[in-house]
Number of protein chains: 2
Amino acid sequence: MSPREHTHPAVEDVELVAVLSALAEPTRLRIVRMLAAMEGERAWRDIDLPIARSTLSHHLKILRNAGLVQNRTEGTRCFVSLRGEELEDRFPGLLECVLACRDAGAADADGAECGL
Amino acid sequence: MSPREHTHPAVEDVELVAVLSALAEPTRLRIVRMLAAMEGERAWRDIDLPIARSTLSHHLKILRNAGLVQNRTEGTRCFVSLRGEELEDRFPGLLECVLACRDAGAADADGAECGL
DNA sequence: TTCGATATTCGATATTCGTCGAACATCGAA
DNA sequence: TTCGATGTTCGACGAATATCGAATATCGAA
């Protein structure tokens, strides 16, 4: 289909288990890190990951349904951004401390490995 | 088998994705909440959940491998406890804000529903 | 209108996950 | 030693998930 309007769950309807599940997958965590590292939105088209576009669409849908991410449509293209403040309201500190952590296996938003 | 000694990962080897995966399952989250609500250890035998004992063993293994929980063996029985301080060292604030949240679907440690 | 770009959905596949009961291993007590 | 209690592992099952390529729907431009 096309970048049609999507529904986003209300903040109060966002569930913890859904958020944790969404974050508990390396590719999705990487997407979240990437979005967090840029203050603003990111063009769908410019999200460059070593996965098929349909797979990317799938992961973004899960992040969207979990309340982590929101889409904005502009013509035939769309932009993705983190629902940072809303998440902070719902689960204070959660996103922040997940992002703060950089373990050995945590790839950087750009794809490079990160020591600390 | 029996409550034999288990290996626990070193704090520095605990991975974020493993922790999030472990917490992203209702039964396991409930176990963690229960352990957090009691300051100390809990006898395996006394963990009362509506699942088979083998399933409980499975979930505890996942929590253990993720670094969230530790086992202590005493004779033929064992005791489970949260690795609270170590988790705090590794991922500051994470466990705390996960536990702080009580969403609509979050069952209490005792099994009762909890409004707030 | 026709076409190309864009993102989603569909169908298929392989894998992982949660669950159970049964079998097993270990320890302490009789 | 024999037994019972206690957890763990095994084998099996269905459900959920990650992945891909192909098909599809929508928009903007030619």
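For clarity, every value in this text was computed on a predicted model and none was experimentally measured. The chains referred to below are lettered A, B, ... by the order of the sequence lines, with proteins before strands, and numbering in each begins at 1.
The listed nucleotides are dC20(D), dT8(D), dT9(C); the one nearest the side chain of Thr55(A) is dC20(D). Each of dC27(C), dG21(D), dT9(C) was ranked by its minimum atom distance to the side chain of Lys61(A); first place goes to dT9(C).
Among the atoms of the strands shown, none is found under 4.0 Å from any heavy atom of Ile47(A). Contact annotation for Ile51(A): backbone-only contact, meaning every heavy-atom pair under 4.0 Å involves sugar-phosphate atoms and none involves a base. Within 4.0 Å of His59(B), counting heavy atoms only, lie sugar-phosphate atoms of the nucleic acid but no base atom.
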For nucleotides 11-16 of chain C, 5' to 3', base contacts (B), sugar-phosphate-only contacts (S) and non-contacts (-) with protein non-hydrogen atoms under 4.0 Å give ------
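Residues from residues 20-28 of chain A lying near DNA chain D, meaning a heavy-atom separation below 4.0 Å, are Glu25(A), Arg28(A) in numerical order.
Atoms CG (Leu49(B)) and P (dG18(C)) sit 15 Å apart, rounded to a whole Å. Regarding His58(B), its NE2 atom lies at a distance of 6 Å from the C1' atom of dG18(C), rounded to whole Å. Between the CZ atom of Arg72(B) and the C1' atom of dC27(C) there is a distance of 15 Å, given to the nearest Å. When rounded to the nearest whole Å, the span between CG of Asn65(B) and P of dT8(D) equals 11 Å. Distance, Ile62(A) CD1 to dT17(D) P: 7 Å, rounded to whole Å.
The local environment of CG in Asp46(A) is crowded, with over 12 non-hydrogen atoms from other residues, nucleotides or ligands closer than 6.0 Å. The neighbour count for Glu96(A) CD, taken as heavy atoms of other residues, nucleotides or ligands under 6.0 Å away, does not exceed 12.
Between Asn71(B) and Arg64(B) the shortest side-chain heavy-atom distance falls below 4.5 Å.
With respect to Glu12(A) and Arg90(A), no salt bridge is recorded, no charged nitrogen being found less than 4.0 Å from a carboxylate O.
Evaluation of atom-type donor-acceptor distances gives a pair under 3.5 Å for the side chain of Ser54(A) against the base of dG21(D).
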